[in-house]
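Data block below; observations after.
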Amino acid sequence: MGQEYRRTATTVSLIHYHFVFCPRYRRKVLVNQVETRFKELLEKICQENDWHIVAMEVMPDHVYLLLNCLPTDSPSDIMAKVKGVTSRIIRQEFKHLAHLPSLWTRSFFVSTAGNVSSETVKRYVEEQKKRG
């Protein structure tokens with residue numbers, strides 16, 4: 001899905017959002033089955049909302065995500081859906097996380113990645129796991 005323009009009846013766009021977000025208290029909970037389940041849920045949410053995952057890296061205590069979205073999707077709405085759905089389901093399925101009031105902090109980082117820098121951001125996100 002790299003640099004392809006997306007077309008709707010009224011728009012032509014190329015919008016990439018680079019997100020970084022963390023679990024509450026920066027806990028290292030995104031490991032093993034929790035990481036696997038989070039990725040499954042994220043892919044399902046993105047598919048349902050017509051968001052394309054350009055790059056994703058899940059670290060034990062934070063997530064890097066590069067999404068291609070339509071102009072009708074605001075970063076706040078995207079994070080609300082991603083965090084809300086994944087927090088609820090993961091806390092239901094993994095009893096050791098059920099005591100948390102929410103899996104995620106309320107904050108997140110978002111930046112737009114322009115046509116020129118999207119490949120650089122994608123490479124950066126993919127290399128995060130290698131850094132240890």
Quiz item: Between R7 and T11, does a side chain to side chain donor-acceptor pair (under 3.5 Å) hold up when you go through it step by step?
Solution: CA-CA 6 Å; R7 299 174 191 281; T11 64; over 6 Å; no
Quiz item: Tell me the salt bridge (Lys or Arg N to Asp or Glu O under 4.0 Å) pairs involving residues 12-32, sequence neighbours left out?
Solution: R26-D61, K28-D61
Exercise. In sequence, state the C-alpha distance, the side-chain angles, and the governing distance for M56 and L42, and then conclude on side-chain contact (heavy atoms from CB on, under 4.5 Å).
Key: CA-CA 10 Å; M56 169 179 43; L42 183 62; 3.3 Å; yes
Exercise. Output the distance between atom CZ (F108) and atom OG (S76), rounded to the nearest 0.5 Å.
Key: 4.5 Å
Self-check item: Any residue meeting salt bridge (charged side-chain N to carboxylate O under 4.0 Å, His left out) with K95, in chain and number order, not counting sequence neighbours
Solution: none
Quiz item: Taking R37 for the side chain and I90 for the main chain, is one N or O donor matched with an acceptor at less than 3.5 Å?
Solution: no
Exercise. Carefully, step by step, assess D50 and L70 under the rule side-chain contact (heavy atoms from CB on, under 4.5 Å).
Key: CA-CA 8 Å; D50 198 21; L70 293 170; 3.8 Å; yes
Practice problem: Check salt bridge (charged side-chain N to carboxylate O under 4.0 Å, His left out) between K44 and all other residues, then give those that pass, not counting sequence neighbours. | Solution: E48
Exercise. Spell out, as yes or no, whether a donor-acceptor pair under 3.5 Å connects the side chain of R6 to the backbone of N68.
Key: yes
Quiz item: V31, M59: one ILVMFWY side-chain cluster at the under-4.5 Å cut-off?
Solution: no
Quiz item: Do T105 and P23 have side chains that get closer than 4.5 Å, going by heavy atoms?
Solution: no
Exercise. Specify the closest pair of heavy atoms between V82 and T86, including all atoms of both residues, with the distance to one decimal.
Key: O-OG1, 2.6 Å
Quiz item: Which pairs with one or both residues in residues 74-90 pass salt bridge (Lys or Arg N to Asp or Glu O under 4.0 Å), sequence neighbours excluded?
Solution: none
Quiz item: Does Q47 CD have over 12 foreign heavy atoms under 6.0 Å away?
Solution: no
Practice problem: Using a cut-off of 6.0 Å, state whether more than 12 heavy atoms not belonging to Q33 lie near its atom CD. | Solution: no
Quiz prompt | Test: K39 and E43 ion pair at under 4.0 Å | solution = no
Quiz prompt | Spacing of S102 atom OG and L97 atom CG [to the nearest 0.5 Å] | solution = 11.0 Å
Quiz item: Shortest non-hydrogen contact from P101 to R91?
Solution: O-NH1, 3.5 Å
Quiz item: Taking I78 as the fixed residue, which of D73, V110, I45, N49 is the one that meets the side chain to side chain contact (heavy atoms under 4.5 Å, CB included) rule?
Solution: D73
Practice problem: Verify side-chain contact (heavy atoms from CB on, under 4.5 Å) between T112 and I15, making sure each step is shown before the conclusion. | Solution: CA-CA 7 Å; T112 55; I15 300 173; 5.5 Å; no
Quiz prompt | Test ring-ring contact (aromatic ring centres under 6.0 Å, His included) applied to F94 - qualifying residues, sequence neighbours left out | solution = none
Self-check item: Reported OH-to-CG distance for the pair Y17 and L67, which is rounded to 0.5 angstrom
Solution: 10.0 Å
Quiz prompt | Residues that W104 engages under ring-ring contact (aromatic ring centres under 6.0 Å, His included), provided they are two or more places apart | solution = F21, F38
Practice problem: List the atom of C69, the atom of W51, and the distance in Å for their closest heavy-atom pair. | Solution: SG-CD1, 3.9 Å
